[in-house]
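Quick notes on the structure that follows.
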Amino acid sequence: PESIFMSTLSRSDPLGIKLLFLDKMRALPASMGYDVNIEDGHFISRDGRHAMLIIQTPVPMMDGQKSKEMITLLQERIRSLPPYVSADIISGHLHTVSNERVIKHDITVASIFASVSFLVLFFLVFRDPRVLLVFIIPFIAVVWAVIAATGIAGQLSYLVIGFGTAIAGISIDYGLLVYIAMKRGADQVQTVKLARLVTIDACTTLFSFIALYFSMIRGYHQLALFSILCVIICLILSLFVLPLTLTWRQLKLPSDSDLGERLRQI
C-alpha cells in the first residue's frame with residue numbers, strides 16, 4: 001500500500017535496512033563536529049558551500065599503473081574547475097601511488113647499498129674476482145622472475161617487486177655455498193650432499209610462500225609467485241650453471257705424441 005514513487009524502494013529494500021545505515025551515516029558527521037545534511041545521497045554542508053561526491057571505480061587499489069592514471073585524470077579535471085571551486089581527493093589509490101614512489105626510491109637506495117656492501121665483503125673475504133658470478137645470480141633471477149610473473153599474473157606492483165628482490169638477495173646463499181665447496185675441492189659425494197642440502201633449504205623457503213596462496217589478498221598471490229620464481233631460478237643457476245663457470249684447475253692439454261697415440265688407438 002505505497003505510492004508508485006515508493007514501490008521501487010520497497011522492492012529493493014523491503015525491510016528498510018538502507019535507512020538504518022543512512023541514519024548512522026547522518027549521525028557520524030555530527031559526532032565529528034561537522035554540520036552536514038544528506039541531500040540526494042550526498043553529504044552537503046549546512047551552508048551549501050561544501051559537498052562530498054563518492055565516485056566508484058573498477059580500478060583496484062593494488063594496481064599501481066591504473067591508480068596513477070586515475071589520479072592523474074582526476075587532477076586534470078580538478079584543474080579545469082572554475083577558480084571559485086576547489087576540490088580535494090580522498091582515496092586509497094593516493095596511498096598506492098605514494099607508496100610506489102617511495103618504494104622506487106627505497107629499492108634504488110637499498111640496491112646500491114647492498115651491492116656495494118656485498119662486493120666489498122666478497123672481495124675482502126674471498127679475494128677472487130670469480131666471486132662476482134655468485135653476486136650476479138640474484139640480479140638475473142629478479143629479471144627473469146619479473147618477466148615470467150608478469151606473463152602469468154599480469155602487471156606487478158612495485159611493492160611486490162621490492163619484497164621479492166629482498167628474497168632474491170637472501171637466495172644468494174645457494175650460490176655462495178656452491179662457490180665455497182668448489183673452492184675447497186669437494187668431491188662428487190660431497191657435491192651431491194651439498195646439492196641436496198641446498199635444495200632442501202630452498203624448499204623450506206618455497207613452502208612458506210606457497211602458504212600465501214591461501215590468502216584472499218591478490219597482492220599476496222603476486223608476491224608469492226614472484227618470490228617462488230626468484231628462489232627457483234637462483235637454485236637452478238647455483239646448482240647447474242655456476243659450477244660450469246668456475247674452474248679451479250688448469251686443464252692439461254695433450255701433447256702431439258699423446259694426440260697421435262690416441263688417434264692410432266681409435
For this session: Measure the spacing between CD1 of Ile140 and CD1 of Ile136 and express it to the nearest 0.5 Å.
Result: 4.5 Å
Exercise. With the 4.5 Å side-chain cut-off for hydrophobic clustering, are Leu242 and Val192 part of the same group?
Worked result: no
For this session: Please lay out, stage by stage, how Ile137 and Ile172 fare under the test side-chain contact (heavy atoms from CB on, under 4.5 Å).
Result: CA-CA 7 Å; Ile137 285 178; Ile172 199 174; 6.0 Å; no
Exercise. Any chain of hydrophobic side-chain contacts (each under 4.5 Å) joining Ile180 to Leu197?
Worked result: no
Problem set entry | Heavy-atom pair with the smallest gap, counting every atom of Leu239 and Thr199 | CD1-OG1, 3.7 Å
Problem set entry | Residue pair Val59 / Ser67: nearest heavy atoms and the distance that separates them | CG1-N, 3.8 Å
Problem set entry | Atom of Ser238, atom of Gly175 and distance for their closest heavy-atom approach | OG-N, 3.1 Å
Exercise. Partners of Gln75 by side-chain hydrogen bond (donor to acceptor under 3.5 Å, both in side chains), sequence neighbours excluded?
Worked result: none
For this session: Taking the side chain as every heavy atom from C-beta outward, state whether Val142 and Phe226 have any pair of such atoms under 4.5 Å apart.
Result: yes
For this session: First locate atom CD1 of Ile89, then atom CG of Leu74, and finally report the distance between them rounded to the nearest 0.5 Å.
Result: 4.5 Å
Exercise. Are Ile78 and Ile90 connected in a single hydrophobic cluster, I mean Ile/Leu/Val/Met/Phe/Trp/Tyr linked by side-chain heavy atoms less than 4.5 Å apart?
Worked result: no
Exercise. Can you find a heavy atom in the side chain of Phe43 that is under 4.5 Å from one in the side chain of Leu53?
Worked result: no
Exercise. Taking atom CG of Asp201 and atom CG of Leu194, what is their separation to the nearest 0.5 Å?
Worked result: 10.5 Å
For this session: Apply side-chain contact (heavy atoms from CB on, under 4.5 Å) to Val231 and Tyr174, showing your working.
Result: CA-CA 9 Å; Val231 172; Tyr174 310 150; 3.8 Å; yes
Problem set entry | Residue Tyr213 excluded, over 12 heavy atoms near OH under 6.0 Å | yes
Exercise. Once you round to the nearest 0.5 Å, how far does CE of Met70 lie from CD1 of Ile55?
Worked result: 8.5 Å
For this session: Tell me, yes or no, whether the heavy-atom count around Tyr220 atom OH, taken from other residues, nucleotides or ligands under 6.0 Å, exceeds 12.
Result: no
For this session: For Leu235 and Phe240, run side-chain contact (heavy atoms from CB on, under 4.5 Å): C-alpha distance rounded to whole Å, both residues' side-chain angles, the deciding distance at 0.1 Å, then the answer.
Result: CA-CA 8 Å; Leu235 180 64; Phe240 299 100; over 6 Å; no
For this session: Indicate the atoms forming the closest heavy-atom contact of Gly48 with Ile44, along with that distance.
Result: CA-CG2, 4.1 Å
Exercise. In terms of hydrophobic clustering (I, L, V, M, F, W, Y; side-chain heavy atoms under 4.5 Å; direct or indirect links), are Val102 and Leu94 co-clustered?
Worked result: no
For this session: Hey, could you give me the CG/CZ distance between Leu212 and Phe214, rounded to the nearest 0.5 Å?
Result: 10.5 Å
Problem set entry | Pairing residues for Asp47 by the side-chain hydrogen bond (donor to acceptor under 3.5 Å, both in side chains) criterion, not counting sequence neighbours | Ser45
Exercise. If you round to the nearest 0.5 Å, how far is OG1 of Thr96 from CD1 of Ile71?
Worked result: 8.5 Å
For this session: Can you sort out the partners of Ser91 under side-chain hydrogen bond (donor to acceptor under 3.5 Å, both in side chains), two or more places apart, ordered by chain and number?
Result: His93
